[in-house]
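First up is the structure itself, then whatever we jot down about it.
Note that the numbering runs from 1 along the sequence shown for the chain. The figures that follow rest on heavy atoms only: side chains count, while hydrogens, waters and symmetry mates do not. Keep in mind that what you see is a predicted model, and the values were worked out from it rather than measured. Atoms within each ligand, like the ligands themselves, are counted from 1 in listed order.
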Amino acid sequence: MAEKITKAIIPAAGLGTRMLPIARAVPKEMLPIVDRPAISYLVEEAVNAGCTDILIITNRDKDAIEDYFDYSVEYEQKLRAAGKNDKADEMRRIADMANVYFLRQKETKGLGHAVARARSFVGNEPFYVLYGDDVIISEAPVCRQLCDAYLKYGRPVVGVKEVTDELIVKYCSLKAEKLEGNVYSVSDMIEKPALENKFSNLSILGRVLLTPEIFDILDNTPPGAGGEIQLTDAMRVLARRDGFVAVDFEGERFDMGAKLGFLMANVKLGVKHKETGSEFAEFLKEFVKTL
Ligand code: UTP
């Protein structure tokens with residue numbers, strides 16, 4: 001079994017219909033939390049968990065993502081000429097923090113289809129998948145939390161949280177039994193279940209650790225919920241056959257693919273921002289009095 005995981009996939013090719021009309025012109029993964037795009041939080045999380053190689057799955061309208069991880073010579077020259085070396089260094093750091101690769105999905109056929117594009121990138125190693133619009137702020141990177149469980153139990157791992165009935169029908173539901181503390185064994189799962197078909201209110205939220213055996217299964221997975229090739233349907237085959245592990249991770253998740261999640265992320269992280277946080281907090285205190 002691999003002792004460390006160095007590869008991550010970030011599927012970011014979805015249409016983002018919940019974020020229309022802005023998603024028509026700005027990829028939802030590039031929507032800002034104050035001054036940084038959502039996807040930069042994901043790349044940093046993967047790097048902080050030990051990843052050196054990150055594949056971002058995009059589509060034809062998402063070039064802005066590639067540009068963000070490139071050098072920006074003009075900005076850097078201007079910043080250095082003005083003595084703002086720390087700002088220029090920060091831009092370099094973003095571009096240099098990992099080998100970031102890009103691949104187009106070409107057809108938007110679902111999360112499972114997007115992950116299947118990564119077979120040759122992954123080779124024969126375990127890897128992380130970070131869903132491109134799920135930003136998670138945590139003490140230890142969630143990928144690392146999943147890796148700890150993988151090293152202990154030797155099975156693929158999903159990051160989970162308990163969600164409401166209202167959400168479980170939009171996400172997926174897991175058949176799970178507690179192993180210890182915040183770790184569960186998973187024997188089945190279902191994508192977007194009708195309420196009467198849910199196994200539990202535990203749902204996968206944005207992070208999974210998979211092994212390459214998923215690729216043969218994905219290639220044989222027919223379209224499921226919403227007519228899309230669902231990653232959950234492929235993981236279900238593995239869960240039923242050999243079992244999965246689930247970690248109820250420590251961390252706060254923001255769904256940047258939804259209007260409410262985008263607003264909450266900006267308020268919560270806005271008050272912590274080192275340049276503007278305290279002024280923003282003062283503004284908010286006054287503002288809530290008027291609500
Ligand atoms: P979502 O279901 O949240 O993305 O997929 P979506 O389809 O863009 O959302 P809506 O419903 O239209 O608003 C989770 C992640 O999988 C990626 C998305 O970019 C997102 O980061 N994804 C989804 C792909 O890469 N390809 C797809 O075909 C679908």
For F249, is the NZ or CZ atom of R207 found under 6.0 angstrom from the centre of its six-membered ring and inside 45 degrees of the ring axis?
-> no
Does K28 have a heavy atom less than 4.0 Å from any atom of ligand 1?
-> yes
Atoms in ligand 1 with a heavy atom of T17 nearer than 4.0 Å = 10 (P), 11 (O), 12 (O), 13 (O)
Under the 4.0 Å line, does any protein heavy atom show up next to atom 16 (O) of ligand 1?
-> yes
I9 to A118 - nearest heavy-atom pair and separation | CD1-CB, 3.2 Å
Row check, Y171 ring normal vs K192 NZ/CZ: under 6.0 Å, within 45° = no
Hey, does R18 come in under 3.5 Å of ligand 1, counting only N/O atoms on both sides?
-> yes
Which atoms of ligand 1 are found less than 4.0 Å from any heavy atom of T108?
-> 27 (C), 28 (O)
Would you say Y68 and I22 are hydrophobically clustered, going by side-chain heavy atoms of ILVMFWY under 4.5 Å?
-> yes
Treating Ile, Leu, Val, Met, Phe, Trp and Tyr as nodes and any side-chain heavy-atom pair under 4.5 angstrom as an edge, say whether L209 and V43 lie in one connected cluster.
-> yes
Qualifying residue for salt bridge (Lys or Arg N to Asp or Glu O under 4.0 Å) with D188, from R236, R241, K175 = R236
So the atoms of ligand 1 within less than 4.0 Å of a heavy atom of G132 turn out to be 21 (O)
For Q105, the ligand 1 atoms with a heavy-atom partner under 4.0 Å come out as 24 (C), 25 (O), 26 (N), 27 (C), 28 (O)
Going by the atom numbers of ligand 1, which of them fall below 4.0 Å from some non-hydrogen atom of G110?
-> 26 (N), 27 (C), 28 (O), 29 (C)
Identity and separation of the nearest protein heavy atom to atom 23 (C) of ligand 1 | G14 CA, 3.7 Å
Per-residue contact class, L15 against ligand 1 - non-hydrogen pairs under 4.0 Å = backbone
Taking only heavy atoms of E29 into account, list the atoms of ligand 1 that are under 4.0 Å away from them.
-> 19 (O), 21 (O)
Around atom CZ of R60, are there more than 12 heavy atoms of other residues, nucleotides or ligands at under 6.0 Å?
-> no
Can you sort out which atoms of ligand 1 are near L111, meaning under 4.0 Å from one of its heavy atoms?
-> 16 (O), 27 (C), 29 (C)
Is the closest N or O pair between G257 and ligand 1 shorter than 3.5 Å?
-> no
With heavy atoms under 4.0 Å as the rule, classify the contact between A13 and ligand 1 as side chain, backbone, both or neither.
-> both
Donor-acceptor side-chain pairing of H113 and Q105 below 3.5 angstrom | yes
Atom indices of ligand 1, in the order listed, that fall short of 4.0 Å to a heavy atom of A114 | 24 (C), 25 (O), 26 (N)
Would you say ligand 1 has an N or O under 3.5 Å from any N or O of M19?
-> no
F215/F127 aromatic ring centres below 6.0 Å | yes
Shortest non-hydrogen pair, T211 vs P156, comes out as OG1-CG, 3.8 Å
Could you tell me whether ligand 1 has any atom less than 4.0 Å away from a heavy atom of H113?
-> no
Closer than 4.0 angstrom: is that true for some heavy atom of D133 and an atom of ligand 1?
-> yes
Measure the CD1-NZ distance between I39 and K62 for me, rounded to the nearest 0.5 Å.
-> 8.5 Å
